[in-house]
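See structure below.
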Amino acid sequence: MKALPHTPPTAYYPGPVTIRLYDTSARQIRDFSPLKPGCVSIYLCGATVQAAPHIGHIRSGLNFDIMRRWFEYRGYDVTFIRNVTDIDDKIIVKSADQGRPWWAIGYENERAFNDGYHALGCLPPTYEPRATGHITEMVEMMRGLIERGHAYEADGNVYFDVRSFPEYLGLSNQELDNLQQPSGAGETGKRDPRDFAMWKAAKPGEPSWETPWGRGRPGWHLECSAMAHKYLGTAFDIHGGGLDLVFPHHENEIAQAKAYGDDFARYWVHNAWVTMSGEKMSKSLGNSVLVSEMVKAWRPIVLRYYLGTPHYRSMIEYSEEALREAESAFARIEGFVQRVVEKAGTVEPATEVPLAFAEAMDDDLGVPQALAVIHTTVRQGNSALAADDKEAAVARLAEVRAMLGVLGLDPLDPHWAGESDRGADLHGVVDSLVRLVLDQREAARARKDWTTADAIRDQLSQSGLVIEDSPQGPRWSLGPR
């Protein structure tokens with residue numbers, strides 16, 4: 001498994017910079033001001049590991065990977081926490097259905113998530129804590145909330161009293177009188193149906209841990225409040241996650257943490273979904289597309305381009321046609337990179353990205369606008385190649401590599417080495433076969449048999465190969481599907 005660098009090679013700090021982010025709690029784009037100058041602390045709600053990930057799951061990790069890379073490029077020291085929910089109702093149900101230990105299911109799928117993150121080029125988090133590793137911190141938080149009058153025990157369960165926290169529902173902007181709180185089986189003894197469970201009493205055969213209120217297991221929301229407190233302290237900069245987590249998960253996190261005495265997150269950033277036929281991609285709808293299968297059918301760098309280049313707050317409607325369009329768009333970028341390298345050799349990334357790219361990224365991570373700058377620069381580079389202006393072509397490639405590096409899409413990065421062939425093991429064999437055919441085409445051209453030469457080119461094109469005649473001779477590449 002190839003290692004990923006922890007910081008982009010082109011990182012620099014250009015002086016005073018204003019990065020702006022859409023804050024869900026404020027319902028507007030705000031200037032970002034870190035708690036600690038030069039540092040950024042981010043907590044991202046990660047995987048619930050009851051099943052293998054689909055591309056909708058990985059999109060969230062990828063969007064925040066781009067955020068993290070941009071902060072690092074701007075010179076910030078980033079602490080990035082992404083948790084793992086390795087115990088919850090769904091995992092317990094799967095355990096019973098499959099007759100397997102809950103921890104085996106969780107660990108298997110945790111590895112599948114990490115494989116998916118790595119395949120799509122996401123940098124590893126600073127820390128990746130598991131819920132079951134932080135029971136002590138959860139008990140401590142519950143004890144404090146009970147002492148402050150914000151929580152109570154009933155039938156071995158521990159509930160948060162939502163009426164004790166006047167700010168409740170400020171993130172989702174709901175009315176308490178109209179609230180319908182999701183509840184699970186066995187949540188008995190509530191004083192108010194709108195109260196939510198932080199701890200669930202043990203049931204026969206289910207995993208449980210000892211607490212002052214009896215054996216039981218964590219509710220979904222408590223773990224994140226406790227782990228954010230442990231790893232980032234009483235206050236941190238950014239809390240992220242999918243749009244579907246605003247309520248109840250993030251709303252309940254805020255209530256627990258702030259009632260406990262923490263200032264908690266200063267900015268709330270949410271990514272949109274990947275949809276199919278207008279519906280959120282989910283296992284329950286049976287419309288998920290597993291990452292493990294997608295990387296067999298599509299190059300991982302193309303999947304990253306497809307999932308990472310729309311704005312993080314925009315929905316992505318999944319379709320193979322859209323993926324093919326992404327593949328073609330990235331092929332234009334990659335083709336330019338390859339042509340300049342063939343002509344000039346290794347070209348290092350520029351130390352700074354173009355100003356228009358930086359301005360787009362500073363404005364709420366405007367990746368679509370930043371991508372437009374990349375494509376414009378590629379066109380300029382291709383024009384320089386056509387004019388045989390090697391110096392200008394090299395300069396444009398240096399800029400392109402710097403921009404692609406920020407997005408995790410530089411095809412020359414060691415992480416993607418050998419990946420671009422859709423099967424590096426077969427590349428040598430395919431290249432030899434194609435060269436034999438190209439030699440026949442060159443022989444036909446030499447004897448001015450243009451009909452045969454064109455027919456060979458057309459046949460190769462129908463096979464999915466793009467043939468380009470260059471001063472160094474014909475070169476081939478895989479075309480869009």
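This one's a predicted model, so the numbers in the text were calculated from it and none came from an experiment.
In this structure K230 satisfies the salt bridge (charged side-chain N to carboxylate O under 4.0 Å, His left out) test together with E137, sequence neighbours excluded. For Y318, the ring-ring contact (aromatic ring centres under 6.0 Å, His included) criterion is met by no residue, not counting sequence neighbours. A search for side-chain contact (heavy atoms from CB on, under 4.5 Å) contacts involving P368 returns H311, not counting sequence neighbours.
Ring orientation note: the planes of F236 and F264 are nearly perpendicular, at an angle over 60° on the 30°/60° scale. Ring geometry for F196 versus Y168: interplanar angle under 30°, hence parallel rather than tilted (30 to 60°). Under the 30°/60° scheme for interplanar angles, the aromatic rings of H375 and Y305 are found to stand perpendicular. The aromatic rings of F113 and H57 sit tilted, their planes meeting at an angle between 30° and 60°. Ring-plane geometry between Y267 and F32 is classed as tilted, the angle between the planes lying from 30 to 60 degrees on a 0 to 90 degree scale.
Note that R299 lies outside the cation-pi zone of F330, set by a 6.0 Å cut-off to the ring centre and a 45° limit from the axis. Judged by the 6.0 Å and 45° rule, R313 forms a cation-pi pair with Y22.
Counting heavy atoms from C-beta on, the side chains of N252 and F160 never come closer than 4.5 Å. For the pair M361/I66, a side-chain contact is recorded, criterion being any heavy-atom separation below 4.5 Å from C-beta on. At a threshold of 4.5 Å between non-hydrogen side-chain atoms, the residues H118 and H415 count as touching. Put simply, the side chain of I92 reaches to within 4.5 Å of the side chain of I87, judged on heavy atoms.
The number of heavy atoms from other shown groups lying within 6.0 Å of OH (Y107) does not exceed 12. A 6.0 Å sphere centred on CZ of R100 holds more than 12 heavy atoms belonging to other residues, nucleotides or ligands.
Formation of a donor-acceptor pair under 3.5 Å by the E399 side chain with backbone atoms of T377 is not found in this model. A donor-acceptor pair is defined here as one N or O able to donate and one able to accept, closer than 3.5 Å; no such pair exists between the side chain of W199 and the backbone of V139. In this structure, the side chain of D237 engages the main chain of L35 through a donor-acceptor pair within 3.5 Å. Looking only at distances, no side-chain donor or acceptor of T126 sits under 3.5 Å from a matching main-chain atom of I81. With hydrogens and angles ignored, the 3.5 Å screen pairs a side-chain donor or acceptor of S225 with a backbone N or O of E253. Side-chain atoms of D115 do not come within 3.5 Å of backbone N or O of S292 as any donor-acceptor pair. Remark: the backbone N or O of Q28 is not paired with any side-chain donor or acceptor of D23 at under 3.5 angstrom. Between the R27 side chain and the L171 main chain, a donor and an acceptor come within less than 3.5 Å of each other. Although no hydrogens or angles enter the test, the distance criterion places no donor-acceptor pair under 3.5 Å between the side chain of R339 and the main chain of N382. A distance-only check finds a donor-acceptor pair linking the side chain of D88 to the backbone of I91 [under 3.5 Å].
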Problem set entry | Step-by-step side chain to side chain donor-acceptor pair (under 3.5 Å) determination, D31 to T18 | CA-CA 6 Å; D31 291 350; T18 300; 5.2 Å; no

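The line from CG of L44 to NE2 of H239 is 8.5 Å long, rounded to the nearest 0.5 Å. To the nearest 0.5 Å, the span separating CG on D410 from CE on M403 amounts to 11.0 Å. A distance of 9.0 Å separates CZ in F80 from CD in E128, rounded to the nearest 0.5 Å. Note that CD of E140 is 10.5 Å distant from CG of L145, once rounded to the nearest 0.5 Å. Rounded to the nearest 0.5 angstrom, M141 CE and H229 NE2 are separated by 6.0 Å. With values rounded to the nearest 0.5 angstrom, S25 atom OG is found 6.0 Å from R30 atom CZ.
At a threshold of 4.0 Å, the pair D364-R20 does not count as salt-bridged, since none of the basic side-chain nitrogens sits closer than that to a carboxylate oxygen. One finds a salt bridge joining R74 and D362 here, because a Lys/Arg side-chain nitrogen approaches an Asp/Glu carboxylate oxygen to under 4.0 Å. At a threshold of 4.0 Å, the pair E72-R69 does not count as salt-bridged, since none of the basic side-chain nitrogens sits closer than that to a carboxylate oxygen.
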